[in-house]
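What follows is a single structure, written as structure tokens, with notes after it.
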Number of protein chains: 2
Amino acid sequence: MTVVAKPMYQQLKDLIIGRISSGELRPADRVPSENELVEAMSVSRMTANRALRELTDEGYVRRIAGRGTFVSDFRAGSHVLEVQNIADEIEQRGHTHTCEVLRQTLQHARGEVAKALHVEQGSDVFHLMLVHYENESPIQLEDRHIVADFAPDCLLQDFSAVTPSAYLTAISPLQEAEQVVRAAQPNAAVRQRLKMADGEPGLVVMRRTWSHGRPVTFARLHHPGSRYELAGHYTPPGTPKSATADVVELEKLQQ
Amino acid sequence: MTVVAKPMYQQLKDLIIGRISSGELRPADRVPSENELVEAMSVSRMTANRALRELTDEGYVRRIAGRGTFVSDFRAGSHVLEVQNIADEIEQRGHTHTCEVLRQTLQHARGEVAKALHVEQGSDVFHLMLVHYENESPIQLEDRHIVADFAPDCLLQDFSAVTPSAYLTAISPLQEAEQVVRAAQPNAAVRQRLKMADGEPGLVVMRRTWSHGRPVTFARLHHPGSRYELAGHYTPPGTPKSATADVVELEKLQQ
DNA sequence: AAGTGGTCTAGACCACCGT
DNA sequence: CGGTGGTCTAGACCACTTT
């Protein structure tokens, strides 16, 4: 534990991030202005400006000259993952998303899941299993575990209306994610749920997501290989977007 | 064309990025110090500081107090793509990478490739086809097209020694990437090259990469589903790394 | 000792937005 | 009009590295 004083602008950032993370400041809420920070915290305006500017760069807040600074509505195709929520993804394609809940239970974490979520064996975790449909066609079987104390009211949610992903990001911004993508032949139960043809390969995404420095959810997402693909776009920070959004073209490039 | 004066700090950034992109400043070269910029460009030190600080955040340069500011050795697991170079990836696993070149030719861009690379039909493009091995086991068939004028000496390269990816990033930092991942049954020729079992699904990555605002290369990467998976880690800028690098654990989480 | 980056201040001017 | 953010200045002090 170093006791060194952190730079003032960093303290200001931490303060505001803390208020956002704790829920004291909610999306679209107004954040103290530069002048307010100057008075309240006894700093110069350049220091307050730097703190708020960096929070903007990091996606925590939006700033509008003449209006003020406001908490970002986290997740909106924003920072962490391109598309975290399959319902949004489907709607962006102009299709309709529906969802069938197969399981919504409280369980004790077994070996692999406990390890992935960094909790003790036997700890409480919620287990969700749902099928997502794009225009009546199943495109994802979501098999998700959630650390229980992160989302205490999980069993009360109607996940056919709000996806687990949307629910979780509403609780607290998911700040870090890790995923592994794999092609595999799913087992018979999964094949049936996803209406996959014999021999059709499956795309499996295993995704673990962090909030406040600890893993809170782990999901296995099974997709039919013929009806789903994963698109990503990577831009180094600071470079706006030179690429026109013609990802669609790429999708047509069959071998 | 807006004739509005860009902010001074942005002009300084553009100036330095230009020198890096053009090759005038190479990795590890020293960048003008704040004081030198103050004198040369007639700005205040805070402005020069902001320009250099943002270039640091964006990964263009490293700064060492007392020493100076230096151009980053681009790509080292850094910003754009987690792992762009399969040889590095294999070596990080402690395995040996070898590579067999199947094709290295100059061609005229046909329909799909021309469209993906934003060049005229019939333009010159290089076509590479290679198989990458991890300890004698084939794990990737790389089918790549490169805009000819981006890499004029492409036919002279020995790609069994330096991967196309390493070669391309050496020419110029690849600044933007777009990829689509898909599970599919590859055709017989691909299956044979990758020594895939009957019915084994394949993982296909189609990746297009930009440099200086234009697409310069387009690759189809075929992998055997049983021997390869794609891992990614996403952190919002500004958040260091709370997650310990235990991606390995995730890989063991079989269904 | 001289140069570097890291931070901070107390002013300033501007464009914009709301009332 | 006053408040907001966006930028910039000309100083300053500090810790650090190199000579």
Side-chain angles (χ1 to χ4, degrees), chain A residues 2-17 19-20 25 27-73 237-240, chain B residues 2-17 19-20 25 27-73 237-240:
Chain A
T2 36
V3 210
V4 191
K6 268 191 280 193
M8 203 54 212
Y9 74 89
Q10 186 62 55
Q11 294 183 43
L12 293 181
K13 287 175 64 178
D14 292 343
L15 182 88
I16 293 167
I17 291 176
R19 287 196 197 162
I20 294 175
L25 287 174
D29 280 359
R30 192 171 161 286
V31 168
S33 73
E34 297 186 359
N35 286 326
E36 288 165 352
L37 286 176
V38 166
E39 298 234 328
M41 306 274 99
S42 303
V43 296
S44 88
R45 207 194 130 203
M46 275 300 278
T47 302
N49 175 271
R50 176 167 177 182
L52 291 176
R53 180 157 39 81
E54 293 194 359
L55 289 177
T56 306
D57 295 339
E58 293 161 19
Y60 287 98
V61 301
R62 277 173 306 135
R63 313 196 73 188
I64 307 173
R67 297 273 320 275
T69 302
F70 306 89
V71 177
S72 298
D73 19 330
T239 310
Chain B
T2 37
V3 210
V4 191
K6 267 191 281 193
M8 203 54 213
Y9 75 89
Q10 187 61 55
Q11 294 183 44
L12 293 181
K13 287 175 63 179
D14 292 343
L15 182 87
I16 293 167
I17 291 176
R19 287 195 196 162
I20 294 175
L25 287 174
D29 280 359
R30 191 171 161 286
V31 168
S33 74
E34 297 186 357
N35 285 327
E36 288 165 352
L37 287 176
V38 166
E39 297 234 330
M41 313 300 312
S42 303
V43 295
S44 87
R45 208 194 129 205
M46 275 300 281
T47 302
N49 175 272
R50 176 167 176 183
L52 291 176
R53 179 158 38 80
E54 293 194 359
L55 288 177
T56 307
D57 294 339
E58 293 160 20
Y60 287 98
V61 301
R62 276 173 306 133
R63 313 196 73 188
I64 307 172
R67 299 271 318 277
T69 302
F70 307 88
V71 178
S72 298
D73 16 331
T239 311

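Here is how names work: the chains are called A, B, and so on, in the same order as the sequence lines, proteins then strands, and each is numbered from 1.
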I want to check something: taking the side chain as every heavy atom from C-beta on, are Glu54(B) and Glu54(A) in contact at a cut-off of under 4.5 Å? no

Whole-Å distance, Glu54(B) CD to dG6(C) P, equals 13 Å

Exercise. Within a strict 4.5 Å, meaning less than it, do heavy atoms of the Arg19(B) and Pro32(B) side chains meet?
Worked result: yes

Between CD of Gln11(B) and C1' of dG6(D) the distance, given in whole Å, is 15 Å

Asn49(A) CG to dT7(D) P, in whole Å, measures 8 Å

Subject >> Side-chain donor/acceptor of Ser72(A) to backbone N/O of Gly59(A), under 3.5 Å >> reply: yes

Next on the checklist: Is it the case that the side chain of Thr56(A) and the backbone of Leu52(A) share a donor-acceptor pair, with hydrogens and angles ignored and the cut-off at 3.5 Å?
Outcome noted: yes

Q: Measure the shortest side-chain to side-chain distance between Asp57(A) and Asp57(B) over non-hydrogen atoms and say whether it is less than 4.5 angstrom.
A: no

Here DNA chain C, pairs taken as Watson-Crick or G-U under 3.5 Å and shown with ( ), [ ] when crossing and | when to another strand, reads |||||||||||||||||..

Glu58(B) versus Lys13(B): any side-chain heavy-atom pair under 4.5 Å?
-> yes

Of all heavy-atom pairs linking Leu12(A) and Ala48(A), the shortest is CD1-CA, 3.9 Å

| request: Would you check if Tyr60(B) and Ile17(B) make a side-chain contact, meaning some heavy-atom pair closer than 4.5 Å? | output: yes

For residues 34-48 of chain B, the salt bridge (Lys or Arg N to Asp or Glu O under 4.0 Å) pairs (sequence neighbours left out) are Arg30(B)-Glu36(B), Glu34(B)-Arg45(B), Glu34(B)-Arg63(B)

note: Arg53(B), atom CZ; dT7(C), atom C1'; distance rounded to Å ~ 9 Å

Whole-Å distance, Leu12(A) CG to dT7(C) C1', equals 13 Å

### N or O in side chain of Tyr9(A) less than 4.0 angstrom from dT7(C) OP1/OP2
yes

Report task. Find out whether Val38(B) and Thr47(B) are in side-chain contact, i.e. whether some heavy atom of one side chain is under 4.5 Å from a heavy atom of the other. Result -> no

Contacts of Asp29(A) meeting salt bridge (charged side-chain N to carboxylate O under 4.0 Å, His left out) (sequence neighbours excluded), chain-then-number -> none

Taken to the nearest whole Å, CD/Glu39(B) to C1'/dG3(C) is 13 Å

Expected list for residues 62-70 of chain A near DNA chain D, using heavy atoms below 4.0 Å, is Arg63(A), Ile64(A), Ala65(A), Gly66(A), Arg67(A), Gly68(A), Thr69(A)

Leu37(A) atom CG is separated from dC8(C) atom P, nearest whole Å, by 14 Å

For Lys6(B), does its backbone N or O pair with a side-chain atom of Gln11(B) as donor and acceptor, under 3.5 Å?
yes

Pairwise N/O distances under 3.5 Å, protein to nucleotides 9-12 of chain D:
unit_1, atom_1, unit_2, atom_2, d
dT9(D), OP2, Ser44(B), N, 2.7
dT9(D), OP2, Ser44(B), OG, 3.3
dT9(D), OP2, Thr47(B), OG1, 2.7
dA12(D), N6, Arg45(B), NH1, 3.0

All heavy atoms of Met8(B) vs all of Met41(B), minimum pair found to be CE-O, 4.3 Å

Residues of residues 29-36 of chain A with a heavy atom under 4.0 Å from any atom of DNA chain D, listed by number, are Arg30(A), Ser33(A), Glu34(A), Asn35(A), Glu36(A)

Minimal heavy-atom distance between Ala28(B) and Phe70(B), with the atoms involved, is O-CD2, 3.7 Å

Taking dG6(D), dC8(C), dG6(C) as options, the one with an atom nearest any side-chain atom of Pro7(A) is dC8(C)

